[in-house]
Amino acid sequence: MIDPAKVRRRLEAVIHGTQPSFAFAERTWKLFVPYLWEQAVLKRGYRLA
């Protein structure tokens with residue numbers, strides 16, 4: 001499951017520089033990717049082969 005509040009806090013920390021490490025940003029990206037997938041593919045009704 002995606003914890004939207006956690007992902008938002010982490011994204012804001014990366015964007016605003018309070019957590020500037022590459023490793024933190026990479027872990028945050030991995031948490032964010034499922035949301036992007038959902039928005040880009042699943043909610044648009046694309047059929048997966």
| Of all pairs that satisfy salt bridge (charged side-chain N to carboxylate O under 4.0 Å, His left out), the ones with a partner from residues 11-38, not counting sequence neighbours | R8-E12
| If you measure from CG on D3 to CZ on R9, what distance do you get to the nearest 0.5 Å? | 6.5 Å
| query | Applying ring-ring contact (aromatic ring centres under 6.0 Å, His included), which residue pairs with at least one partner in residues 12-34 are found, sequence neighbours left out? | reply | F32-Y35
| query | Taking side chain as C-beta onward, heavy atoms only, is V7 less than 4.5 Å from I2? | reply | yes
| note | Rounded to the nearest 0.5 angstrom, the OG1-CG distance for T28 and L11 is 6.0 Å
| query | Can you name the closest pair of heavy atoms from A25 and V14 and give their distance? | reply | CA-CG2, 3.9 Å
| message | I'd like to check the side chain to side chain contact (heavy atoms under 4.5 Å, CB included) partners of A40; sequence neighbours left out, ordered by chain and number. | response | none
